[in-house]
> 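Sharing a structure here in structure tokens format.
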Amino acid sequence: MEACSLPRDILVDIFATFEIPDLVRAGSVCSSWRSVYTTLRKLGKYKQSQTPCLLYTSESAGENVAGLYSLAENKSYTLPLPDPPIRSRYVIGSSHGWIITADERSELHLLNPITGDQIALPSVTTIEQVKPVYNNDGVLHKYKFSWYTAEEVYDSPSIYDLGELRDRLFHKAFLSSDPSSGDYYVVLIYTPYHQLSFARAGDDKWT
């Protein structure tokens, strides 16, 4: 029997024992194995006790490429990733195999570095304290940030460049579950004073 024609249930059981680098390689063998690989990723049924991997970027690799260093194999892999360029993003959280990133416009994205899947989160301008500032041509070029909570106003509003807001605003973000399931929410912790906002799958604003 050819490897690509093995029964799907057997492949699922075998693939579920793989380390992430082995799973990625198996998914590139043929279409049937790719399908099993995708299913495992979506259902979160791959080996849970993974040896940690280091995700990094480097100038030599390029703006849209991340490196993945496998401690299990003592080997590095290159991961082409979608725009915006991963090298210019900030990582503000990671959960369930996904990272939460802030790009050069301070917009947030969920990114699975292994599969390359990406989900845009609601615009930063839907956070209550953030308002867009447009130039004379109607182009967004700054953000106005108001320093208040439900209890108190702490300072007068600040004006930040597009890429500067992420330095001032975001503390941390995390996921309730794997976004591949289609049912998840993101928790965002942000200034001032570690306030919380939430976005569920499909939401177009932070609440």
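The residues of the chain are indexed from 1 along the displayed sequence.
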> Between Ala26 and Phe15, which heavy-atom pair has the shortest distance, and what is it?
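So the minimum-distance heavy-atom pair works out to CB-CZ, 3.7 Å.
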> Any chance you could measure Arg8, atom CZ, to Ser35, atom OG, to the nearest 0.5 Å?
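Result: 3.5 Å between the selected atoms.
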> Working to the nearest 0.5 angstrom, can you tell me the gap between Asp161 CG and Glu104 CD?
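Going from CG on Asp161 over to CD on Glu104, the span is 12.0 Å.
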> Quick one: does Thr207's side chain have a donor or acceptor within less than 3.5 Å of a partner on Phe198's backbone?
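Yes, because the side chain of Thr207 sits within donor-acceptor range (under 3.5 Å) of the backbone of Phe198.
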> Considering only heavy atoms from C-beta outward, does the side chain of Ile189 approach that of Ile92 to under 4.5 Å?
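Of all side-chain heavy-atom pairs linking Ile92 with Ile189, none is under 4.5 Å.
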> Do Asn135 side-chain atoms and Gly138 backbone N/O form a donor-acceptor pair below 3.5 Å?
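Yes, Asn135 side chain to Gly138 backbone: donor-acceptor pair under 3.5 Å.
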> Going through the distances and angles, do Glu107 and Ser123 end up as a side chain to side chain donor-acceptor pair (under 3.5 Å)?
CA-CA 6 Å; Glu107 296 289 4; Ser123 174; 3.0 Å; yes
> Answer yes or no: is there a side-chain heavy-atom contact under 4.5 Å between Leu175 and Trp98?
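They are in contact (side-chain heavy atoms under 4.5 Å apart), so the answer is yes.
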> Please assess Leu121 against Asp203 for the test side-chain contact (heavy atoms from CB on, under 4.5 Å), listing each intermediate value before the final yes or no.
CA-CA 8 Å; Leu121 292 173; Asp203 281 357; over 6 Å; no
> Going through the distances and angles, do Trp206 and Val186 end up as a side-chain contact (heavy atoms from CB on, under 4.5 Å)?
CA-CA 9 Å; Trp206 292 96; Val186 183; 4.0 Å; yes
> Counting only heavy atoms not in Glu152, do more than 12 sit closer than 6.0 Å to its CD atom?
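Check passes, neighbour count above 12.
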> If we ignore hydrogens and angles and just use 3.5 Å, is the side chain of Arg166 paired with the main-chain N or O of Asp103 as donor and acceptor?
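Side chain of Arg166 to backbone of Asp103, a donor-acceptor pair under 3.5 Å: yes, one is there.
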> Starting at CG of Leu110, measure out to OG1 of Thr101 and round the result to the nearest 0.5 Å.
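One finds 8.0 Å between CG of Leu110 and OG1 of Thr101.
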> Using modelled atom types and a 3.5 Å cut-off, is there a donor and acceptor pairing between side-chain atoms of Asn112 and backbone atoms of Thr115?
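Yes: the side chain of Asn112 pairs with the backbone of Thr115.
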> Go through the steps to decide whether Lys75 and Tyr69 satisfy the test side-chain contact (heavy atoms from CB on, under 4.5 Å), and finish with yes or no.
CA-CA 6 Å; Lys75 184 177 179 180; Tyr69 180 76; 5.8 Å; no
> Taking all atoms of both residues into account, what is the closest heavy-atom pair of His109 and Ala120, and its distance?
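In terms of heavy atoms, the two residues are closest at ND1-CA, 4.0 Å.
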> Looking at Ile10, is its backbone amide N or carbonyl O close enough to the side chain of Asp13 to form a donor-acceptor pair, meaning the two atoms are under 3.5 Å apart?
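Such a contact is absent between Asp13 side chain and Ile10 backbone.
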> Under 4.5 Å between side-chain heavy atoms, hopping through other hydrophobics if needed: is there a path connecting Leu165 to Ile159?
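No, because Leu165 and Ile159 fall into different hydrophobic clusters, even though each may have its own neighbours under 4.5 Å.
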> Following the transitive rule for hydrophobic clusters with a side-chain heavy-atom cut-off under 4.5 Å over Ile, Leu, Val, Met, Phe, Trp and Tyr, establish whether Tyr56 and Leu81 coincide in one cluster.
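The answer is no; the residues belong to distinct hydrophobic clusters.
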> If you look at every heavy atom in Leu140 and Pro132, which pair is closest and at what distance?
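Closest heavy-atom pair between Leu140 and Pro132: CD1-CB, 3.6 Å.
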> Between Tyr134 and Val139, is there shared hydrophobic-cluster membership here, with clusters defined by ILVMFWY side-chain heavy atoms closer than 4.5 Å?
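Shared cluster, no.
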> Quick one: does Ser177's side chain have a donor or acceptor within less than 3.5 Å of a partner on Asp183's backbone?
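Here the side-chain-to-backbone pair exists.
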> Holding to side chain to side chain contact (heavy atoms under 4.5 Å, CB included), I want the full list of residues that pass it with Asp83, two or more places apart in sequence or in another chain.
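Side chain to side chain contact (heavy atoms under 4.5 Å, CB included) list for Asp83, sorted by chain: Asn64, Pro85.
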> Above 12 or not: heavy atoms from other molecules or residues under 6.0 Å from OH of Tyr193?
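No, OH of Tyr193 has 12 or fewer neighbouring heavy atoms, counting only those of other groups under 6.0 Å.
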> Check this for me: Arg200, atom CZ, are more than 12 non-hydrogen atoms of other residues, nucleotides or ligands nearer than 6.0 Å?
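No - once you tally the heavy atoms of other residues, nucleotides and ligands closer than 6.0 Å, there are 12 at most.
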> Measure the CG-CG distance between Leu79 and Leu55 for me, rounded to the nearest 0.5 Å.
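If we round to the nearest 0.5 Å, Leu79:CG and Leu55:CG are 7.0 Å apart.
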> For Gly163 and Asp167, which heavy atoms make the closest approach, and how far apart are they?
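It is O-OD2, 3.9 Å.
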> What's the shortest heavy-atom distance between Tyr143 and Val133, and which atoms?
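Answer, listing the atom of Tyr143 first, then Val133: C-CG2, 4.0 Å.
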> Between Ser106 (side chain) and Leu162 (backbone), is there a donor-acceptor pair under 3.5 Å?
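Present.
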> Output yes when a side-chain donor or acceptor of Trp147 lies under 3.5 Å from a complementary backbone atom of Val153, and no otherwise.
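Between the backbone of Val153 and the side chain of Trp147 there is no qualifying donor-acceptor contact (under 3.5 Å).
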> Using modelled atom types only, decide if a donor and an acceptor are shared between the side chain of Thr57 and the backbone of Arg87 within a distance under 3.5 Å.
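Not at all, since once roles are kept as given, no pair shorter than 3.5 Å links the two residues.
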> Do Ile100 and Val187 belong together in a cluster built from hydrophobic side chains that touch within less than 4.5 Å?
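No; tracing contacts between hydrophobic side chains, which count when under 4.5 Å, never links both residues.
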> Please report the interatomic distance NE2(His171) to CD(Gln195), rounded to the nearest 0.5 Å.
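The distance works out to 9.5 Å.
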> Within a reach of under 6.0 Å around OH of Tyr185, are more than 12 heavy atoms found that belong to other residues, nucleotides or ligands?
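Atom OH in Tyr185 is not packed in, count stays at 12 or less.
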> If you count the non-hydrogen atoms of other residues, nucleotides and ligands that lie under 6.0 Å from NZ in Lys205, is the total more than 12?
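No, because the 6.0 Å sphere around NZ of Lys205 holds 12 heavy atoms or fewer from other groups.
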> Go through the steps for Leu169 and Tyr160 under the test side-chain contact (heavy atoms from CB on, under 4.5 Å), then give the verdict.
CA-CA 10 Å; Leu169 183 62; Tyr160 294 122; over 6 Å; no
> Looking only at heavy atoms, what is the nearest atom pair of Tyr190 and Gln129, with distance?
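That closest heavy-atom pairing would be OH-OE1, 3.3 Å.
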> Looking at Asp178 and Ser180, would you say the former's side chain and the latter's main chain have a donor-acceptor pair under 3.5 Å?
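Yes; at least one donor-acceptor contact below 3.5 Å.
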> When clusters are formed by joining ILVMFWY residues with side-chain heavy atoms under 4.5 Å apart, either directly or through shared neighbours, do Leu68 and Phe18 land in the same one?
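Yes, one cluster joins them.
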> Applying side chain to side chain contact (heavy atoms under 4.5 Å, CB included), name anything that partners Ser70, two or more places apart in sequence or on another chain.
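Side chain to side chain contact (heavy atoms under 4.5 Å, CB included) check on Ser70 returns Pro21, Cys53, Ala72, Glu73, Tyr77.
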> Roughly how far, to the nearest 0.5 Å, is the CZ atom of Phe145 from the CD1 atom of Ile127?
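Result: 8.5 Å between the selected atoms.
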